[in-house]
Each structure stands twice: as structure tokens, then as C-alpha cells.
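Shown next, in C-alpha cells, is the structure this report addresses.
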Amino acid sequence: MKYKYLCLLLILLASCSSGKMNDSEPTAVIITAGQSNTDGRIGNDKLPDYILNGYKDNAYQYCKISRGSTTDTVTGNFKPFWPSIKNKNNPHRWAYDAVTYYWLEKAFQKDFYVIKWSLGGTAIDTAATSNSKYYWQADENWLTQNTSTAKGGKSLLLSFEENISLCIDSTLSKLKNGYSIKAFLWHQGESDSKYGSHYYENLKNVIAHMRNFLVQKTGDMKYKQLPFICGTVSRLNKQYNKEVETAMHQLALEDSNFYVIDMSQGELQTDQLHFTETSAEYLGIEMYNKLVELNIAGNRAKKVTLK
């Protein structure tokens, strides 16, 4: 009998120890960027029922976000997530990442942070037509001659990195158990369709620049292998370019930390540009499932199937 109770005590102690280890893990951070299908072009009335009916007060329970677009001032501030975009006439819209964050909430069951920068109609290539002539370009010569959109310049990438830097300084570095940036989520490429042959080098440079920036900012070499997860452009999109899609798959072959979600058959709205709610939900779930595969979605994480 004493042996039985001793075994039960050891199991209980092991369980408590495991719980403490989980509580001491660094807080997860996701970074997200791209153009309109990342920014959000679906009305919030078309959110999945489990989100629309699950959050009565229009705020996620654990997800905290710092987001920016165009000339937003870099603040480094976080607030509870709820889908919205920067548009005074119709701000209540969502993108695939709203679904990813929902399932991450279920997996983590504790606070996590998102840093997002997005703007519709924006390209990487400076020769392409890009909204307000803002670009994701990562060429070092071009960057040295330009400043971030938050400072009146043309670089979206610099704005994004400036906000990440301030988020780290003002909030993330002060968290009790520290933080760990888990992945970079990305959907972009439509606006680069006229220069598809350039997309491979352009996107490769964006990835390298972001990883190098994080290494320099944090001093942590693990960010040299930061997972980068992107969705392809639907082949039904009027701005679809095969070279853009091929570039993503080529990068996945060469870079063991680059992952592609196939959206080639993604349904689009009547504008032939933006995902329907079904496509956005699918992409959001597949982004989450990839995080589960990579064992960076929490110990409770299980894959989800679109119903």
C-alpha cells in the first residue's frame, strides 16, 4: 500500500514539475506581413461561427497584437486582437491570420503576441505598380536611400522592422519568461505579377533581411532559421503569375525553413483578387497546422481540419 501511494506521489510531483516547465517557457510571438489578402478583405460578419459567436466582446482572450499599415506611427503597443483593417469607411474586415490566431489560442491557453504590418496592393519590386509607391524591397542599396513609411519614406519592410524593434524594447523584453519569435506568416505576390521573373530573388532577399535583422536585434542566432510560411496566389486571381508561384516552391526546395501553403485553387470574391471566407479559413488553418507540424504551436496543439 505504501508503495502505491509513493508512486502516486511521484506522478503528482512529475506533473507539477511539468506544469512549471511549461509556465516558464518564453512567450510565443508571431510576425505577419503582406498585401491585401493578409491585410483583410472579408467582412467580419463572415467570420467562422466559432470565432463570431465565441468572442462576444470582440476581443480574443490571449492574442495581443501590434499592427501597422501605410504611414502608421510605430508605437510598439499591443492590444487584444480583433480583426480590423486601416480603412475609415469599412474597417471591420478579416484575413486568414484571424483563424490562425484563434487556433493558437486553443493550443497555447496563455498570452501570445503578434506583430503585423500589411497594406493592400503593395509589391516587393520597385518597378512594379505598388499602392502609394510603398514597397517590401530588401535590396540594401535601395534601403540605404529610403526610409520607412512610418517616417514618410517608401519602405514597408523598414516600418515593419522598426515596429518589431520597439515591440521588443517596450514590451517583449520585459516579459517575465522572455519571448521567442516562432514564425513569419506571409501572403503577397499579386502586385509583383508583371515582374514575376524577379520574384525569386526579391522574396529571398526579404526573408534574409528579416532573419538578419532579428539576429542583430536580439543577438540570438536561432533566427537565422526562423520558419517562414507563405501561401501562394490563387490561379483564379487576375494578377496570378506562374513565375511568382514557382519562385515560392523553389525557395521551399532550397530553404529547409521555408514552407508553402498551396492556394492555387483558392476561391475568390467577384473582384477576382481577394479570398472568400472559405479560402481564408482554409489558409488560416493550414498556417496553424504547419506550426503544429513544426512543434511550435504549444504542447496542446493538434491539427485542425476545415469542416
Side-chain angles (χ1 to χ4, degrees), residues 28-38 95-97 99-100 103-104 116-118 122-125 128 136-139 156-157 160 180-193 195-215 221-237 239-268 275 279-297 301 303-306:
V29 180
I30 302 293
I31 57 177
T32 305
Q35 59 179 106
S36 57
N37 278 310
T38 294
Y96 62 86
D97 59 322
V99 175
T100 305
W103 291 109
L104 284 174
K116 178 176 179 178
W117 207 273
S118 56
T122 47
I124 302 177
D125 202 300
W136 297 101
Q137 179 59 246
D139 176 77
L156 291 162
L157 188 61
F160 188 34
S180 177
I181 299 172
K182 297 295 187 180
F184 187 162
L185 309 185
W186 172 267
H187 190 280
Q188 190 274 340
E190 299 96 316
S191 292
D192 283 277
S193 60
Y195 296 90
S197 61
H198 300 172
Y199 198 73
Y200 168 81
E201 286 295 336
N202 281 334
L203 183 55
K204 185 177 182 178
N205 288 342
V206 168
I207 300 164
H209 196 278
M210 180 58 67
R211 286 172 173 165
N212 288 335
F213 159 75
L214 291 173
V215 169
M221 291 300 295
K222 74 178 181 182
Y223 294 124
K224 276 285 188 182
Q225 287 80 43
L226 179 74
F228 188 106
I229 309 172
C230 76
T232 64
V233 176
S234 172
R235 293 176 184 174
L236 304 175
N237 195 304
Q239 290 186 321
Y240 170 77
N241 181 295
K242 184 178 180 180
E243 291 175 305
V244 170
E245 181 180 313
T246 300
M248 295 180 184
H249 289 292
Q250 183 63 34
L251 286 167
L253 289 173
E254 298 173 359
D255 184 339
S256 61
N257 296 294
F258 184 96
Y259 306 92
V260 177
I261 308 299
D262 181 9
M263 293 301 296
S264 61
Q265 302 305 310
E267 295 178 353
L268 299 176
F275 290 136
S279 295
E281 184 181 10
Y282 175 81
L283 178 55
I285 286 175
E286 289 305 303
M287 290 274 194
Y288 166 76
N289 285 341
K290 181 56 66 176
L291 295 172
V292 176
E293 282 182 23
L294 298 174
N295 295 317
I296 53 179
K303 284 191 174 183
V304 176
T305 302
L306 178 64

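Each residue takes its place number in the sequence, starting with 1.
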Looking at CG of Leu291 and OG1 of Thr100, how far apart are the two atoms once the value is rounded to the nearest 0.5 Å?
-> 7.0 Å
Where is the tightest heavy-atom contact between Lys182 and Pro227, given as atom of each residue plus distance?
-> O-CD, 3.3 Å
Value for CZ (Phe258) from NZ (Lys204), rounded to nearest 0.5 Å, stands at 11.5 Å
Would you please name every residue forming a side chain to side chain donor-acceptor pair (under 3.5 Å) with Glu281, sequence neighbours left out?
-> Tyr50
So do Phe184 and Ile207 actually touch side chain to side chain, heavy atoms under 4.5 Å?
-> no
Please collect all salt bridge (Lys or Arg N to Asp or Glu O under 4.0 Å) contacts where either partner lies in residues 240-260, sequence neighbours excluded, each pair once.
-> Arg211-Asp255, Arg235-Glu245
Applying the ring-ring contact (aromatic ring centres under 6.0 Å, His included) test to His187, which of Phe228, Trp136, Phe275 qualifies?
-> Phe275
Less than 4.5 Å apart, any side-chain heavy atom of Gln137 and any of Leu157?
-> no
For Tyr223, the side chain to side chain contact (heavy atoms under 4.5 Å, CB included) test, sequence neighbours excluded, returns Tyr179, Ser180, Ile181, Leu214, Val215, Thr218, Asp220, Leu226
Residue list, side chain to side chain donor-acceptor pair (under 3.5 Å) with Ser234, at least two apart or on another chain = none
Please tell me if the side chains of Trp103 and Ile285 come closer than 4.5 Å, counting only heavy atoms from C-beta onward.
-> yes
Interatomic distance, CG@Leu268 vs CG@Leu236, rounded to 0.5 Å, equals 5.5 Å
Considering residues at least two apart in sequence or located in another chain, which fulfil the side chain to side chain donor-acceptor pair (under 3.5 Å) criterion with Asn37?
-> Glu190
Partners meeting salt bridge (charged side-chain N to carboxylate O under 4.0 Å, His left out) with Lys224 (sequence neighbours left out) | none
Heavy-atom closest pair (Val292 atom, Ala301 atom, distance to 0.1 Å) is CG2-CB, 3.8 Å
Gap separating the CE atom of Met263 from the CE atom of Met248, nearest 0.5 angstrom | 11.5 Å
Apply side chain to side chain donor-acceptor pair (under 3.5 Å) to Thr38 and list each qualifying residue two or more places apart in sequence or on a separate chain.
-> Tyr96
List the steps, then state whether side chain to side chain contact (heavy atoms under 4.5 Å, CB included) holds for Val260 with Cys230.
-> CA-CA 5 Å; Val260 177; Cys230 76; 4.3 Å; yes
Under the side chain to side chain contact (heavy atoms under 4.5 Å, CB included) test, residues paired with Asp262 that sit two or more places apart | Thr232, Ser264
Non-neighbouring partners of Ala247 that pass side chain to side chain contact (heavy atoms under 4.5 Å, CB included), sequence neighbours left out | Tyr199, Tyr200
Sequence neighbours excluded, which residues qualify as side chain to side chain contact (heavy atoms under 4.5 Å, CB included) partners of Gln225?
-> Asn257
NE2 of His198 to CG of Asp192, rounded to nearest 0.5 Å, is 10.0 Å
Check against side chain to side chain contact (heavy atoms under 4.5 Å, CB included), Glu286 and Asn289 = CA-CA 5 Å; Glu286 289 305 303; Asn289 285 341; 3.4 Å; yes
Kindly compute the distance separating OH (Tyr259) from CG (Leu185), expressed to the nearest 0.5 Å.
-> 13.0 Å
List in chain and number order the residues that pass salt bridge (charged side-chain N to carboxylate O under 4.0 Å, His left out) with Glu201, two or more places apart in sequence or in another chain; answer none if no residue qualifies.
-> none
With sequence neighbours excluded, what pairs up with Asp97 under the salt bridge (charged side-chain N to carboxylate O under 4.0 Å, His left out) test?
-> Lys116
